[in-house]
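Before any comments, here is the structure.
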Protein chains: 2
Amino acid sequence: MRAVSLVPAWGKAGCRRPAGRNSLAVIPSSLGSRPLERLCRCSAVQACSSVITQYRYYTLIASIFCFEYETFDACSRSAGPFSPICAGTLLMARQKARLKDIAAKTGYGTNTVSLALRGSTRISAAARDLIRKAALELDYVPNNIAKSLVSRRSNTVGLILHEITNPILTSAAKEIQLALASRGYGVLFATSNGSFDEELHAIEMFRSRMVDGLLIYPLVHSRLDHLRRLREQNFPVVLLVGVQDSGIDVVGIDEFVGAHDATRHLVDQGHRRIGALVMLQYGTSQKHDGYVAALEAAGLPVDPQIIGSCLNHSIEGGIQTMDSIMHGPDPPTAVFCSSDILALGALRWARIHRRTVPAELAIIGFDDIESASHAVTPLSTINNNVDELARRSVARLLELIDAEGGLPPPRTSLLHGDLVVRESSATDAAAGSTATPTIDTRSS
Amino acid sequence: MRAVSLVPAWGKAGCRRPAGRNSLAVIPSSLGSRPLERLCRCSAVQACSSVITQYRYYTLIASIFCFEYETFDACSRSAGPFSPICAGTLLMARQKARLKDIAAKTGYGTNTVSLALRGSTRISAAARDLIRKAALELDYVPNNIAKSLVSRRSNTVGLILHEITNPILTSAAKEIQLALASRGYGVLFATSNGSFDEELHAIEMFRSRMVDGLLIYPLVHSRLDHLRRLREQNFPVVLLVGVQDSGIDVVGIDEFVGAHDATRHLVDQGHRRIGALVMLQYGTSQKHDGYVAALEAAGLPVDPQIIGSCLNHSIEGGIQTMDSIMHGPDPPTAVFCSSDILALGALRWARIHRRTVPAELAIIGFDDIESASHAVTPLSTINNNVDELARRSVARLLELIDAEGGLPPPRTSLLHGDLVVRESSATDAAAGSTATPTIDTRSS
DNA sequence: TTGTAAGCGTTATCAC
DNA sequence: GTGATAACGCTTACAA
């Protein structure tokens with residue numbers, strides 16, 4: 001019993017067992033008390049050993065004296081006779097092959113093996129092939145952790161999403177991951193999950209894991225100081241939201257212009273009383289500002305009564321917030337929603353309350369998620385070019401990572417989101433008149 | 001110009017610059033050719049230096065002779081006079097603080113610092129506080145890469161999703177990430193993106209990054225050999241799909257039973273001609289089998305004509321596949337869809353072709369995503385308990401990771417998905433009769 | 001209570 | 001062409 005409980009210690013950090021690597025400890029039972037060398041000649045042990053060897057394990061013969069030794073090392077250092085206490089054999093977890101193992105197998109040095117596997121021309125073809133073959137046989141997988149330690153690069157970037165239920169963020173995540181994978185980068189991922197502390201925590205976690213850079217949809221567009229500080233420390237960060245003058249690199253949809261275009265479109269459709277569903281809990285937002293600007297440009301009043309602030313980004317949240325802006329004395333005839341999910345909530349609200357869309361209530365969303373074009377009433381929206389966003393943000397991040405001698409000055413790339421007019425906002429969708437809208441033909 | 005191109009070599013792997021760490025190289029212009037010591041006394045340089053010191057950088061005065069030295073080291077070793085070639089100052093990226101830096105600052109050894117920061121009782125309280133303070137001042141972040149190298153644990157697990165547009169997978173991803181983060185684990189994430197090779201590639205990438213374990217929604221439920229092989233090598237793997245007897249640990253929804261329940265529900269509603277939308281491109285699936293079993297149990301024929309195989313998991317895919325199974329001579333009166341997304345496609349198809357749901361066509365989905373309850377006709381479906389899935393799969397994976405002396409035998413935990421009856425399948429939803437259905441009241 | 005030395009798996013330098 | 005050696009930043013064993 002006691003012997004078994006000692007076994008797990010092998011292979012643990014700090015436990016030295018140069019002879020124990022990839023080895024099988026044969027702990028014979030009922031062989032009596034005898035010196036180690038005699039145990040090795042025991043036929044049962046030898047038979048076992050030859051089987052073990054076939055599996056590319058070394059054989060390590062041992063018999064653990066019950067109380068005297070605390071560790072296997074202490075045991076194996078002892079010169080005295082051993083008392084067997086445990087029956088049978090114990091198979092150690094086979095450890096991963098290292099360069100050193102390939103070197104031992106082929107007779108070359110570790111350095112030669114390293115160069116050969118990386119295809120250096122300084123190594124002879126014969127040696128290279130031999131080494132490659134040995135690596136394959138041993139199922140060698142290079143240890144990137146060790147590589148990172150010396151190269152000071154983890155070839156990993158961190159991705160923080162503030163919300164994963166939003167299809168736009170997840171499809172961005174997908175495109176980003178694929179783009180990075182094709183360049184040999186891994187993606188460490190975290191959700192800030194609606195809490196700023198979690199965002200900070202995720203960043204801290206990423207930093208301690210030595211990510212080479214960070215792509216982030218920040219939770220609060222106005223709280224970016226922690227990210228600016230990272231940048232000052234020469235840590236590459238790219239924001240995925242279209243904020244202006246952040247002092248950080250930005251690749252994102254121009255939310256102000258998008259919201260402005262969407263609201264303007266409602267104005268152009270003849271609406272004079274236009275409400276909004278936005279996310280305001282962390283202060284103002286670009287989308288809110290764009291909405292307000294479009295109203296002001298059209299000479300329309302901005303009425304807080306019909307601007308609903310949603311707490312969470314969901315259909316349910318959209319329905320509830322619609323309730324709050326529609327029950328007033330002068331409800332809006334059109335609503336700008338800062339995301340398609342909220343717009344689907346608004347659509348649902350309209351159905352529950354038997355308002356026809358767009359005749360009694362026009363609705364426009366933001367993002368152009370798949371469900372938007374397949375909704376009961378196909379949703380007008382602002383197209384969010386996710387592929388472009390992923391492509392450009394990854395390209396910029398890698399530029400920052402590869403920047404030699406300090407980060408270049410921050411650059412803001414705002415992508416334009418196209419207005420897509422469908423049934424939910426246009427009494428006659430085909431007559432869509434503003435901002436060269438894309439008419440979606442599938443929505444008939 | 002040339003000097004600038006040399007600078008990037010600092011801080012690179014293999015470039016030794018013991019004196020260059022956290023230092024600012026002042027490369028003065030137009031100071032003429034003079035010995036280094038005279039440069040140091042130059043007032044412009046001194047003013048610069050004092051500013052630099054405020055930022056906790058050391059100052060390193062240098063002037064690089066244009067052609068003679070290839071590296072900064074070679075340059076600084078030289079004793080001769082320098083010719084300035086580059087104007088201004090160059091700020092080196094400040095490097096992250098190490099234990100050694102804290103040690104140097106406090107006067108303790110690195111070992112003492114390491115123990116102190118980890119709160120060892122062997123260190124005096126005074127020393128501990130001093131060291132903690134210094135660590136804070138230097139903005140010390142422990143290097144997990146180095147830690148991993150010695151502990152042989154990365155405290156990171158890999159998560160592979162076969163599809164990220166599926167809301168079920170993303171909400172699972174979120175829950176999994178949060179559960180793992182609370183235990184101190186990071187999540188490396190990848191999408192297999194519909195290709196088995198990408199799945200293999202992602203696994204390889206994860207292995208080389210030394211993840212401690214793997215959570216995976218495999219692309220093809222029947223191709224699991226590569227995962228079994230990992231397990232044989234003592235690598236912890238947990239499948240997130242409810243397959244039976246895989247020889248690998250499983251925590252997943254019982255898809256067979258779920259599909260069976262769903263189909264059975266349609267039978268109970270009086271349907272005799274029940275079609276299906278499934279994903280069959282990689283061979284049969286548990287959902288398909290459950291559907292078939294329910295039909296057979298009810299004594300109904302299984303007709304390939306009304307079993308549509310969707311190629312991609314999308315509303316569009318659902319619509320197209322519906323086209324193919326509905327245009328036959330004897331179209332189904334009810335359809336079991338292997339996911340809510342496909343069911344939304346079916347619903348959309350019904351709307352396009354003016355069939356009333358559920359009177360002319362009953363539809364049931366699988367997953368219970370948010371949109372299901374908010375669809376035009378709220379969808380009946382099988383609830384996919386994502387929270388439970390995340391909780392249990394993470395718990396099991398950590399069990400495997402912490403298992404000492406080899407992995408325990410694989411265990412299969414199938415979670416039960418509850419039937420949720422809404423309008424899309426029940427002529428009178430309130431009369432839902434089978435399998436203790438949950439009646440969703442919001443769907444009025 | 002603290003310091004010293006070795007080692008985790010890899011890469012870069014330099015000598016042969 | 002190939003091998004020895006010293007880093008990378010950290011933890012552990014053991015000596016002081």
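Order of the sequence lines sets the chain letters (A, B, ...), proteins ahead of strands, with each chain counted from 1.
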Worked verdict on B/Leu117 versus B/Ile102 for side-chain contact (heavy atoms from CB on, under 4.5 Å)
CA-CA 10 Å; B/Leu117 290 178; B/Ile102 302 177; 4.0 Å; yes
Using the side-chain contact (heavy atoms from CB on, under 4.5 Å) rule, take A/Leu180 and A/Thr156 through it: C-alpha gap first, then chi angles, then the decisive distance, then the call.
CA-CA 9 Å; A/Leu180 283 167; A/Thr156 301; over 6 Å; no
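A straight line from CZ of A/Arg98 to P of C/dG9 spans 5 Å, rounded to a whole angstrom. Note: NZ (B/Lys147) to P (D/dT11) measures 5 Å, nearest angstrom. As a whole-Å value, the separation of A/Asn143 CG from C/dG9 C1' is 6 Å. At whole-Å resolution of the value, CG in A/Asn144 and C1' in C/dT10 are 10 Å apart. Spacing between atom CD1 of A/Ile145 and atom P of C/dT11 amounts to 14 Å, rounded to whole angstrom units. Between A/Arg153 atom CZ and C/dA12 atom P the separation is 12 Å, expressed in whole Å. Remark: C1' of D/dC10 and CG of B/Asp101 are 13 Å apart, rounded to the nearest angstrom. Straight-line distance from the NZ atom of A/Lys96 to the P atom of C/dC8: 15 Å, rounded to whole Å.
Base engagement by B/Asn111 is indicated by at least one non-hydrogen atom pair under 4.0 Å involving a base atom.
Here A/Thr112 reaches the OP1 or OP2 of D/dG3: one of its side-chain N or O atoms lies under 4.0 Å away. Between C/dT10 and A/Tyr140, a contact under 4.0 Å exists linking OP1 or OP2 to a side-chain N or O. For B/Arg152, a side-chain nitrogen or oxygen approaches OP1 or OP2 of C/dG9 to under 4.0 Å. For B/Ser114 and D/dC10, the shortest distance from a side-chain N or O to OP1 or OP2 is not below 4.0 Å.
In this structure, the helix from C/dT1-D/dA16 to C/dC16-D/dG1 shows an angle of 50° between the axis at its start and the axis at its end, each fitted on 5 base pairs and rounded to 10°.
Along DNA chain D, the nucleotide nearest A/Tyr108 and the nucleotide nearest B/Leu115 are compared for position; the residue whose nucleotide lies closer to the 5' end is A/Tyr108. Nearest-nucleotide mapping onto DNA chain C: of A/Pro142 and B/Val113, the residue sitting toward the 5' end is B/Val113.
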Side-chain donor-acceptor pairs under 3.5 Å in residues 123-130 of chain B, sequence neighbours left out?
residue: B/Ser124; atom: OG; partner: B/Ala127; partner atom: N; Å: 3.3

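The existence of a salt bridge linking B/Arg231 and B/Asp249 is confirmed by a sub-4.0 Å separation between a basic side-chain nitrogen and an acidic carboxylate oxygen. The existence of a salt bridge linking A/Asp139 and B/Arg229 is excluded, since no basic side-chain nitrogen approaches an acidic carboxylate oxygen closer than 4.0 Å. Looking at A/Glu232 and A/Arg228, no side-chain N of the basic residue comes within less than 4.0 Å of a carboxylate O on the acidic one, giving no salt bridge. A salt bridge is defined here as a Lys NZ or Arg NE, NH1 or NH2 lying under 4.0 Å from an Asp or Glu carboxylate O, and A/Asp212 with A/Arg152 fails to meet this definition.
Between B/Tyr185 and B/Leu398 the shortest side-chain heavy-atom distance falls below 4.5 Å. Side-chain contact between A/Ile203 and A/Leu214 is present, with heavy atoms from C-beta onward closer than 4.5 Å.
Residue A/Arg118 places its side chain closer to C/dT11 than to any other of C/dT11, D/dC10, C/dT10.
Using a 4.0 Å cutoff on non-hydrogen atoms, the parts of residues 120-127 of chain B near DNA chain D are B/Arg122, ordered by number.
Side-chain atoms of A/Arg209 and A/Ser154 form no donor-acceptor pair, as typed in the model, at a separation below 3.5 Å.
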